[in-house]
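Here's the structure, in C-alpha cells; my notes come after.
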Amino acid sequence: MAAVLTIGCQNDDTDFSEYINGTTPTTSNHIVNIVYNGTNVTVTGDTKGYVTTNGADVTVNTGTDTDSLLLVLSGSTTNGSLLVYRESKFGIQLNGVNIHHANGPAINNQCSKSLYLHVADGTTNTLTDGTAYTEQEYDQKGALFSEGQMIFLGTGSLSVTGNCKHAIACDDYIIIDENVKLQATSSTGNGIKVNDGLWINNGTLDINVTADGARGIRCDNVVEITGGTTTITTSGDCVYDDDADEYSSAACIKCDLDFTMSGGTLTMTSSGDGGKGINSSAKVLFSGGTLSAITTGDNEDGKPKAIKATTGIVVSGGSFTAKVDKSWACDSGYGDDTTTDAEKLANCVTVVGTPKTSNINKKSVVITY
C-alpha cells in the first residue's frame with residue numbers, strides 16, 4: 001500500500017510544476033504579484049478580482065475557477081499574512097519575502113489540492129507566526145500551513161519559525177524536491193507536522209525544535225528519504241500523556257508507518273530526557289546513504305533510543321550509525337520484560353548482506369557497506 005501511495009504522490013500534478021518554473025503563461029494562466037510594504041501591500045496582475053486586502057493581510061479566493069494561478073510574493077511585513085481559498089491546484093512563488101503574522105499563520109492554504117511552493121533561485125525568504133492565534137473558523141496549525149499537498153521546489157532559501165504551534169504543518173503529504181534550502185524551527189511544537197506522508201528527494205533541510213515532547217518531523221504515515229542533506233536537532237524532555245497514561249518523548253523523526261532511507265544524508269541529535277532519533281510505529285528500512293543518530297539524554301522519565309521501531313530495523317547498505325549514552329542504541333521491538341539483554345542484542349537489528357563494518361553493541365551500532 002505504501003509503495004502505491006508513493007507512486008501516486010510522486011506523479012501527482014507534475015504538469016503544473018513546469019508552469020511554476022517559468023513556462024510562458026497562456027490566456028488561462030494568471031500570475032498575481034503581491035508585494036508586502038510594511039503595513040500594506042501592492043497587488044498587480046489580479047485581472048479576475050481574486051484578491052482582497054486589509055492592511056498587510058491578503059486573502060485570495062478564486063471560488064470554483066480552475067484557471068492556473070501563480071501567486072508571487074515579495075517584500076516585507078511585520079504584521080501581515082496570506083490566506084488562500086481555492087478548489088484547484090496552484091502555485092506560490094516566494095521571491096524574497098519576509099512575512100510575520102502576529103495572530104496566526106504567515107501563510108494559510110485552505111485549498112485541499114496540490115500547492116507547488118517554489119522558492120525562487122537566489123532568494124532568502126522568512127515566515128514566522130506570533131505567540132498566540134486569534135480564533136478563526138478555519139484551521140491554523142503552524143506558521144506555514146496547508147490543507148492540501150505541498151511540493152517544495154526551487155533552489156532558494158526558506159526559513160519557517162513556529163512560535164505558537166508547528167513551524168510547517170500539512171493535512172496531506174509533503175514532497176521536498178530540487179535543491180531548496182529549508183529551515184524549520186519551533187519552540188512550541190513540531191518542526192514539520194504532516195498527515196499523509198513525507199518524501200525528501202533532494203535539498204537541504206535543517207530542523208531544530210526545543211519544546212518538550214516535540215518532534216523534528218511528526219508524520220502520521222510513511223517517511224521516505226532518497227536524497228538531500230537533512231539535519232534534525234531536538235532538545236525537549238518527556239511530557240506526560242494523560243490519554244495514553246505514559247510519558248511521551250521528543251524525537252527527531254516520529255512516524256506511524258515505515259521509515260525508509262535509500263540515499264542522502266540524515267544527521268539526528270536528541271539531547272532531552274528519553275529523546276529518540278527515529279521512533280517508528282512500524283519498520284525502519286535503511287538501504288543507502290548516510291545515517292547518524294545520537295541521543296545524549298537521561299532516562300529519568302523515558303528511555304532514550306537512537307533508533308526505535310515496533311516491527312523491526314533492517315540495514316542493507318550505506319553507512320548506519322546509532323549511539324546513546326543510556327538505554328539502547330537500537331530497539332527493534334523484539335522481546336518483553338522477560339527477554340535478556342543478550343537476546344535483545346542479538347535481535348536489535350537485522351543486517352542484510354556482508355557489510356565492511358558491523359559493530360553491534362547495546363549503546364553503539366555502526367554498520368557500513
Side-chain angles (χ1 to χ4, degrees), residues 2 191 198 200 205 207 209 214-219 221-226 230-236 238 248-299 302-335 339 341 343-353 355 357-369:
L198 171 64
I200 301 173
L205 181 56
I207 302 175
V209 296
R215 286 70 184 255
I217 294 171
R218 176 66 178 96
C219 181
N221 205 289
V222 300
V223 173
E224 182 173 330
I225 299 177
T226 64
T230 302
T231 303
I232 307 175
T233 304
T234 67
S235 57
C238 295
S248 176
S249 62
C252 295
I253 298 175
K254 175 68 175 80
C255 53
D256 290 348
L257 294 179
D258 290 349
F259 169 88
T260 303
M261 183 171 176
S262 59
T265 299
L266 173 62
T267 304
M268 297 168 288
T269 305
S270 183
S271 60
D273 177 57
K276 310 291 191 296
I278 296 174
N279 186 357
S280 169
S281 298
K283 292 183 177 67
V284 169
L285 305 171
F286 178 78
S287 62
T290 300
L291 181 153
S292 174
I294 298 175
T295 65
T296 61
D298 208 339
N299 58 354
K303 295 181 180 180
K305 309 280 178 65
I307 308 292
K308 180 180 183 296
T310 301
T311 58
I313 300 168
V314 180
V315 178
S316 60
S319 175
F320 179 95
T321 300
K323 295 183 178 181
V324 295
D325 282 353
K326 298 183 178 181
S327 191
W328 287 82
C330 289
D331 179 355
S332 66
Y334 177 85
T339 307
D341 280 2
E343 291 173 325
K344 287 182 180 180
L345 186 62
N347 293 277
C348 70
V349 59
T350 299
V351 180
V352 178
T357 303
S358 182
N359 296 322
I360 301 175
N361 301 292
K362 180 177 180 179
K363 295 184 179 180
S364 175
V365 175
V366 179
I367 302 168
T368 57
Y369 287 79

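All heavy atoms count here, side chains included; hydrogens, waters and symmetry mates do not. This is a predicted model, so every value here is computed, not measured.
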Item to check | Charged N-O contact under 4.0 Å between Lys323 and Asp325 | outcome: no
Next on the checklist: I want to check something: taking the side chain as every heavy atom from C-beta on, are Val314 and Phe286 in contact at a cut-off of under 4.5 Å?
Outcome noted: no
Checklist entry - Do side-chain atoms of Tyr369 reach the backbone of Val315 as a donor and acceptor pair under 3.5 angstrom? => result yes
Next on the checklist: Rounded to the nearest 0.5 Å, what separates atom CD1 in Ile313 from atom CG in Leu285?
Outcome noted: 10.0 Å
Item to check | Residue pair Val284 / Lys308: nearest heavy atoms and the distance that separates them | outcome: CG2-O, 4.3 Å
Checklist entry - Short question: side chain of Ser332, backbone of Asn347 - any donor-acceptor pair under 3.5 Å? => result yes
Item to check | Spacing of Lys276 atom NZ and Cys252 atom SG [to the nearest 0.5 Å] | outcome: 11.0 Å
Checklist entry - Could you go step by step and tell me if Phe320 and Cys330 meet the side-chain contact (heavy atoms from CB on, under 4.5 Å) rule? => result CA-CA 11 Å; Phe320 179 95; Cys330 289; 3.9 Å; yes
Item to check | Side-chain heavy atoms of Phe259 within contact of Val222, under 4.5 Å | outcome: no
Checklist entry - Side chain of Asp256, backbone of Ser281: donor and acceptor closer than 3.5 Å? => result no
Item to check | For the student: nearest non-hydrogen atoms of Gly216 and Val209, plus distance | outcome: N-CG2, 3.9 Å
Checklist entry - Do Ser270 and Thr295 have a side chain donor and acceptor closer than 3.5 Å? => result no
Next on the checklist: Is there a side-chain contact between Leu198 and Ile217 in this structure, where contact means two heavy atoms from C-beta onward sitting under 4.5 Å apart?
Outcome noted: yes
Checklist outcome for this item: With sequence neighbours left out, the residues meeting side chain to side chain contact (heavy atoms under 4.5 Å, CB included) with Ser358 are Val351, Pro355, Ile360, Ile367
Next on the checklist: Between Lys303 and Asp273, does any side-chain N to carboxylate O distance fall below 4.0 Å?
Outcome noted: no
Checklist entry - Are Arg215 and Ser249 linked by a side-chain donor-acceptor pair shorter than 3.5 Å? => result no
Checklist entry - Which heavy-atom pair separates Val324 from Pro304 by the least distance, and what is that distance? => result CG1-O, 4.2 Å
Next on the checklist: Any non-hydrogen side-chain atom of Ile307 less than 4.5 Å from a side-chain atom of Leu291?
Outcome noted: yes
Checklist entry - Of Ile278, Thr233, Thr234, Ile207, which meets side-chain contact (heavy atoms from CB on, under 4.5 Å) against Met268? => result Ile278
Checklist entry - Do Thr260 and Ile225 touch side chain to side chain, with heavy atoms closer than 4.5 Å? => result no
Checklist entry - Is a donor on one side and an acceptor on the other found under 3.5 Å between the side chain of Ser235 and the backbone of Gly272? => result no
Checklist entry - Can you find a pair of side-chain heavy atoms, one from Leu266 and one from Ile253, that are under 4.5 Å apart? => result yes
Checklist entry - Quick one: are Ile200 and Thr230 in side-chain contact, heavy atoms under 4.5 Å? => result yes
Next on the checklist: For a quick test of reading the model, state the closest non-hydrogen atom pair linking Ala282 to Ala309 and the distance between them.
Outcome noted: O-CB, 3.5 Å
Item to check | N-O pairing of Asp331 and Lys305 below 4.0 Å | outcome: yes
Checklist outcome for this item: When every non-hydrogen atom of Lys326 is compared with those of Lys363, the smallest separation belongs to CA-CE, 4.4 Å
Checklist entry - Taking all atoms of both residues into account, what is the closest heavy-atom pair of Asp341 and Trp328, and its distance? => result O-CH2, 3.4 Å
